[in-house]
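Inspection log for the structure reproduced underneath, given as structure tokens.
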Amino acid sequence: MNSPKPPFPASLNSLDDLIAAGLAPADQAQDLAQVAERFRIRITSEMAGVASAAVAAQFLPDAQELNIRPEEMADPIGDTAHSPTYGLTHRYPDRVILAATHACEVYCRFCFRREVVGANAALPADDMSAALDYIAATPAIWEVILTGGDPMSLSPRRIESIMARLSDIPHVQIVRLHTRVPVVAPQRIDAAMIAALRARPTVYVGVHTNHADELTPAARAALRRIADAGIPMVSQTVLLRGVNDNAATLETLFRALLTLRVQPYYLHHCDLAQGTSHFRTTIAAGQAIMAQLRGRMSGMGVPTYVLDIPGGFGKVPIGPDYLQQGAAGYVVTDWQGNQHIYRDPE
Ligand SMILES: *Cc1c(COP(=O)(O)O)cnc(C)c1O
Ligand code: SF4
């Protein structure tokens with residue numbers, strides 16, 4: 001699938017750039033201009049260079065994005081419902097997410113934060129200070145998750161300064177960075193970036209990737225550099241109709257991630273962001289895929305299928321049910337679909 005295409009500029013940042021590169025059909029320019037007005041466009045040369053429909057569908061604008069359904073929301077996971085300071089979301093007692101920047105290296109067409117990404121980029125210094133002060137003053141916060149936007153679109157120097165402030169807060173034991181950069185802009189994972197990640201406290205990288213076709217040789221090399229630096233990685237994948245909504249495609253991705261020392265962590269049900277209904281599967285379809293994966297691959301490679309409950313109530317596992325309460329005890333379903341009785345001791 002990954003046949004080489006002509007070299008593109010480092011990133012394509014507008015509809016005009018895409019049309020000039022032959023990546024958007026000129027005869028749909030009018031509809032696509034309406035999409036572009038609403039939702040930012042950006043794709044890196046690394047991803048533009050992958051000849052794969054599954055990759056293109058994630059980054060290239062589509063007229064279907066103009067179809068906004070009544071159930072879709074501007075803030076589908078309720079980030080602003082639990083925000084003590086601008087840029088910070090404190091939903092669970094022991095961890096916060098800190099939107100260090102609103103910029104990304106790519107703008108994914110299904111993004112759950114599509115209404116806020118691409119806006120005024122880095123979190124202003126005052127807001128960053130207020131967020132860090134809140135974290136320092138809240139001993140229950142054990143983990144800080146840097147998100148955005150994409151925190152790795154910041155310079156290594158900026159990341160290092162955030163890490164330095166966090167490492168001065170004794171109750172913060174883990175810093176997690178959720179990012180698409182190692183995959184979509186692998187050249188950013190250079191020695192300076194690795195050095196910035198090697199800070200106290202313990203750093204984890206959460207890699208967002210949805211299809212094995214995204215894992216170009218350069219992306220794989222970037223993931224190896226992170227793993228070689230001793231930084232543990234987990235992955236997050238969004239279940240996307242027409243992109244990865246079958247067990248074989250996800251199995252290929254999760255096996256590749258395991259070999260790259262990335263532990264599959266979450267498979268997200270596609271959030272109710274505006275203009276994304278063409279990407280959304282049903283939960284039943286997602287559960288059927290999860291049940292197939294459980295039977296066909298190493299348990300290490302099977303992530304938890306989660307729904308971020310609309311309104312800001314948090315993430316919950318929504319995988320298939322293997323256990324049901326029956327009259328004679330539990331009814332347990334095995335990986336082949338056969339049922340068995342299990343009873344707790346009296
Ligand atoms: C997703 C999320 C987290 C992290 O959740 P985990 O289940 O620990 O990965 C933390 N805070 C908020 C607000 C989130 O949306
Ligand atoms: S990289 Fe993440 S935050 Fe940025 S557009 Fe894609 S999904 Fe959204």
Side-chain angles (χ1 to χ4, degrees), residues 54 57-58 64-65 67-83 89-97 99 108-117 143 145 147-148 176 178-180 204 206-211 234-247 249-251 253-254 257 262-295 297 299 301-325 333 335:
Q58 294 181 56
Q64 293 179 91
E65 292 171 55
N67 172 21
I68 313 248
R69 295 183 47 88
E71 70 274 17
E72 294 176 338
M73 293 175 267
D75 179 17
I77 72 166
D79 279 337
T80 52
H82 301 273
S83 183
T89 304
H90 192 183
R91 177 181 295 145
Y92 306 108
D94 76 322
R95 55 209 191 275
V96 288
I97 56 175
C108 309
R109 307 323 297 171
F110 50 84
C111 177
F112 64 122
R113 296 207 179 99
R114 60 187 328 201
E115 311 282 334
V116 289
V117 293
E143 180 180 26
I145 299 163
T147 167
R176 207 195 310 170
H178 276 295
T179 178
R180 222 159 167 15
Y204 275 72
V207 180
H208 174 179
T209 177
N210 301 324
H211 197 286
V234 297
S235 71
Q236 302 202 89
T237 296
V238 184
L239 181 61
L240 297 169
R241 182 143 63 92
V243 171
N244 61 12
D245 61 335
N246 64 81
T249 297
L250 289 174
E251 179 185 346
L253 171 64
F254 298 147
L257 288 171
V262 182
Q263 162 95 63
Y265 177 48
Y266 278 156
L267 176 67
H268 293 270
H269 189 69
C270 187
D271 292 310
L272 293 170
Q274 300 199 329
T276 61
S277 60
H278 53 296
F279 283 118
R280 207 165 297 115
T281 66
T282 60
I283 287 179
Q287 289 181 327
I289 291 168
M290 288 301 297
Q292 287 175 51
L293 285 174
R294 178 57 64 189
M297 73 176 300
V302 181
T304 304
Y305 180 35
V306 290
L307 173 72
D308 218 313
I309 306 170
F313 302 100
K315 297 179 189 69
V316 284
I318 54 166
D321 291 329
Y322 293 98
L323 192 64
Q324 248 113 39
Q325 188 71 250
T333 306
W335 64 280

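Throughout, numbering of the chain's residues begins at 1 and tracks the sequence.
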Enter the distance from L250:CG to T237:OG1 here, rounded to the nearest 0.5 Å.
7.0 Å
So does R114 pair up with E72, basic N to acidic O under 4.0 Å?
no
Are the side chain of H90 and the backbone N or O of Y92 linked by a donor-acceptor pair below 3.5 Å?
yes
Heavy atoms, side chains only, cut-off 4.5 Å: are D79 and I97 in contact?
yes
Below 4.5 Å, heavy atoms only, C-beta onward: do E115 and D75 meet side chain to side chain?
no
So, taking the atom named OG in S83 and the one named CZ in R91, what distance separates them when rounded to the nearest 0.5 Å?
10.5 Å
Would you say that P264 contacts S235 through its side chain, given a criterion of any heavy-atom pair below 4.5 Å between the two side chains?
yes
Taking every heavy atom of C270 against every heavy atom of R280, the minimum-distance pair comes out as O-NE, 3.2 Å
Main-chain N/O of Y204 paired with R176 side-chain donor or acceptor, under 3.5 Å:
no
Apply ring-ring contact (aromatic ring centres under 6.0 Å, His included) to F254 and list each qualifying residue two or more places apart in sequence or on a separate chain.
none
Measuring from atom OG1 of T89 to atom CZ of R95, what distance do you get when rounded to the nearest 0.5 angstrom?
13.0 Å
Could you pull out the closest heavy-atom pair between I68 and G275, with the gap in Å?
CD1-N, 4.0 Å
CD1 (I309) and CG (D271) are apart, to the nearest 0.5 Å, by 11.5 Å
Student check: side-chain heavy atoms of D308 and F112 closer than 4.5 Å:
no
Ignoring hydrogens and geometry, is there a side-chain-to-backbone donor-acceptor pair from R241 to T281 under 3.5 Å?
no
For P310 and M73, the nearest pair of non-hydrogen atoms, with its separation, is CB-CE, 3.3 Å
Nearest heavy-atom contact between H82 and G312 is NE2-O, 3.0 Å
Taking every non-hydrogen atom, the tightest pair across Q58 and A54
NE2-O, 3.2 Å
Between CG on residue N244 and CD1 on residue I289, distance to nearest 0.5 Å
7.5 Å
Taking side chain to side chain contact (heavy atoms under 4.5 Å, CB included) as the criterion, tell me which of Q64, R69, E65 meets it with S277.
R69
Taking the side chain as everything from C-beta on, heavy atoms only, tell me whether R180 gets closer than 4.5 Å to N210.
yes
Looking only at heavy atoms, which two atoms of P320 and A291 are closest? And how far apart?
CG-N, 3.9 Å
Spacing of L307 atom CG and L267 atom CG [to the nearest 0.5 Å]:
11.5 Å
Quick check: do V238 and H208 have side-chain heavy atoms less than 4.5 Å from each other?
yes
Side-chain touch Y322/R294, heavy atoms, less than 4.5 angstrom:
yes
Restricting to ring-ring contact (aromatic ring centres under 6.0 Å, His included), what partner residues turn up for H178, sequence neighbours left out?
none
Determine yes or no for a side-chain-to-main-chain donor-acceptor pair under 3.5 angstrom, with Q287 supplying the side chain and I318 the backbone.
yes
For the side chain of T282 and the backbone of A285, is there at least one donor-acceptor N/O pair under 3.5 Å apart?
yes
Test item: D94 side-chain N/O and E143 main-chain N/O as donor-acceptor pair under 3.5 Å:
no
Does H268 use its side chain to pair, donor to acceptor, with the backbone of Q236 at less than 3.5 Å?
no
For a 4.5 angstrom cut-off between non-hydrogen side-chain atoms, does H278 reach R109?
no
